[in-house]
Amino acid sequence: SSTNTATPRPTSAASPFGAWRWGPEPLPEQLLRVVPQPLVFDSRAPAPHPRGIVGLHRAARRGEGSEFATIRPFQWGDRLRRIHWPRSLRTGELHVTTTYAEQDTHVVVVVDAHYDLGASGGVHGAPSSMDHSVRAAAAVAEHFAHQGDRVSLQVLSSRTPTRVPAGSGRRHARRLLETLAQVVPGPQEYVDGRLLRHHLTPGCLVVLVSAMVSPDVLAVSAALARSGMTVLVIDSLVSDVEPPTGDDAVGQLAWRLRLLEREREIRRVEAAGVPVVPWRGPGSLDLVLIRLARRPGGRG
């Protein structure tokens, strides 16, 4: 987020032992941009269905890598450094070792910034749903970008619609954090699923971070899964988010009815094969990522 400093105050500076002094001088207001501080997201689960020949994930097929696969008879084109001499001497025929290829995947982080539910208390205060969304997106994006995967970002908001192309590495992770710091919630009348699917190929891992109060976003997630994407939804409307009704009895009743409708919509999305995981910090996604990696063909 961005914030202004307080009223300007006189500022002075002095060298050691008071040999030189500057000021006091009033300084003008400064605009400070604070990037979200991602939680330590140390997932041990592999990314589902890696594609590119780069990264840390073991592929399903054999290729150049560091993880042992098997020993087989020598074939024309095999490298001499792959010869397994103990098996070759024992059988009288050349044998070589094979390994699994190391591949990466394209992780698409989609932030649903239509609504911000609850009151944000800042860094150390009570979080709103948008706080959870931005922090979860930052943690997931930084984790995959640092381990060599290609990460892109799309923000669904009428006020700050943003798309960051795929990239990897620390510089790209910093760019993602700076983009997330500028997210301002704003409802959209219509979410174009075709625009979301643009530049995406089957096998991508789509991580949708949402408070899940917009039915259009849930419908788009199911449509992405039917298009061949591996889709995972992170629910940012968790128990520590204060309801937006206050002490209004009528508002509380309306909110309870909306939560019941929301549960029904979530069940429909899960029935379409899209897992929904509440954001609980580090370790939230391990189990579901392992299950997604076991699915054949990379379909959601």
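All of these numbers come straight from a predicted model, not from anything done at the bench.
To the nearest 0.5 Å, atom OG1 of residue Thr97 and atom CH2 of residue Trp85 are 12.0 Å apart. One finds the CG atom of Leu89 at 10.0 Å from the NE2 atom of His84 (value rounded to the nearest 0.5 Å). Between Arg72 atom CZ and Arg87 atom CZ the span is 12.5 Å, to the nearest 0.5 Å. Distance OG/Ser221 to CZ/Arg268: 13.0 Å, rounded to 0.5 Å. Arg82 CZ to Ile71 CD1: the interatomic distance, rounded to the nearest 0.5 Å, is 12.0 Å.
Side-chain atoms of Ser168 never come within 3.5 Å of backbone atoms of Ala145 as a donor-acceptor pair (strictly under, hydrogens ignored). No donor-acceptor pair closer than 3.5 Å links the side chain of Ser128 to the backbone N or O of Asp116. Judged by distance alone, with hydrogens and angles left aside, the side-chain atoms of Ser210 form no donor-acceptor pair with the main-chain N or O of Leu208 at under 3.5 Å. Not one N or O on the side chain of Ser12 forms a donor-acceptor pair closer than 3.5 Å with the backbone of Pro24. A donor-acceptor pair is defined here as one N or O able to donate and one able to accept, closer than 3.5 Å; such a pair exists between the side chain of His172 and the backbone of Val151. The closest donor-acceptor contact from the side chain of Ser129 to the backbone of Leu117 lies under 3.5 Å. Judged by distance alone, the side chain of Arg262 and the main-chain N or O of Ala211 form a donor-acceptor pair under 3.5 Å.
In this structure, Pro278 and Val238 approach most closely via the heavy-atom pair CB-CG1, 4.2 Å. Between Val231 and Pro275, the shortest heavy-atom contact is O-CD, 3.3 Å. In terms of heavy atoms, Pro73 sits closest to His95 at N-CD2, 3.7 Å. Nearest heavy atoms, Tyr115 versus Pro185: C-CB, 4.3 Å. Here the closest non-hydrogen pair linking Val274 and Ala225 is CG2-CB, 3.6 Å.
Between Leu205 and Val108, the closest side-chain pair of non-hydrogen atoms is not below 4.5 Å. In this structure, the side chains of Leu259 and Arg264 stay at 4.5 Å or more apart for every pair of heavy atoms. Looking at heavy atoms from C-beta onward, Val269 lies out of side-chain contact with Glu265 at the 4.5 angstrom threshold. By the 4.5 Å heavy-atom criterion applied to side chains, Pro127 and Arg135 are counted as neighbours. Between Leu94 and Ile83 there is a side-chain heavy-atom pair separated by less than 4.5 Å. Contact of the Val164 side chain with the Arg175 side chain is registered, since non-hydrogen atoms from C-beta on lie closer than 4.5 Å. Inter-residue side-chain proximity for Thr230 and Val206 is flagged as unmet; no heavy-atom pair is nearer than 4.5 Å. Put simply, the side chain of Thr98 does not reach to within 4.5 Å of the side chain of Asp78, judged on heavy atoms.
A salt bridge is defined here as a Lys NZ or Arg NE, NH1 or NH2 lying under 4.0 Å from an Asp or Glu carboxylate O, and Arg258 with Glu263 fails to meet this definition.
Checking His106 against Ser152 by side-chain atom types alone, a donor-acceptor pair falls below 3.5 Å.
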Would you check, one step at a time, whether the test side chain to side chain contact (heavy atoms under 4.5 Å, CB included) holds for Leu237 with Val213? CA-CA 9 Å; Leu237 187 59; Val213 294; 4.3 Å; yes
Verdict with reasoning, Met212 to Val233, per side chain to side chain contact (heavy atoms under 4.5 Å, CB included): CA-CA 9 Å; Met212 307 186 70; Val233 178; 3.8 Å; yes
Under the side chain to side chain contact (heavy atoms under 4.5 Å, CB included) criterion, do Asp112 and Val209 qualify, and how do the steps go? CA-CA 6 Å; Asp112 174 14; Val209 188; over 6 Å; no
Let's go through Val111 and Gln154 carefully: what are the C-alpha distance in whole Å and the side-chain angles of both, what is the deciding distance for side chain to side chain contact (heavy atoms under 4.5 Å, CB included) to 0.1 Å, and is it a yes or a no? CA-CA 6 Å; Val111 179; Gln154 295 192 33; over 6 Å; no
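By the 6.0 Å contact criterion, CH2 on Trp22 is enclosed, its count of non-hydrogen atoms from other residues, nucleotides or ligands being greater than 12.
When Val220, Val155, Leu156 are each tested for a side-chain contact (heavy atoms from CB on, under 4.5 Å) with Val110, only one passes: Leu156.
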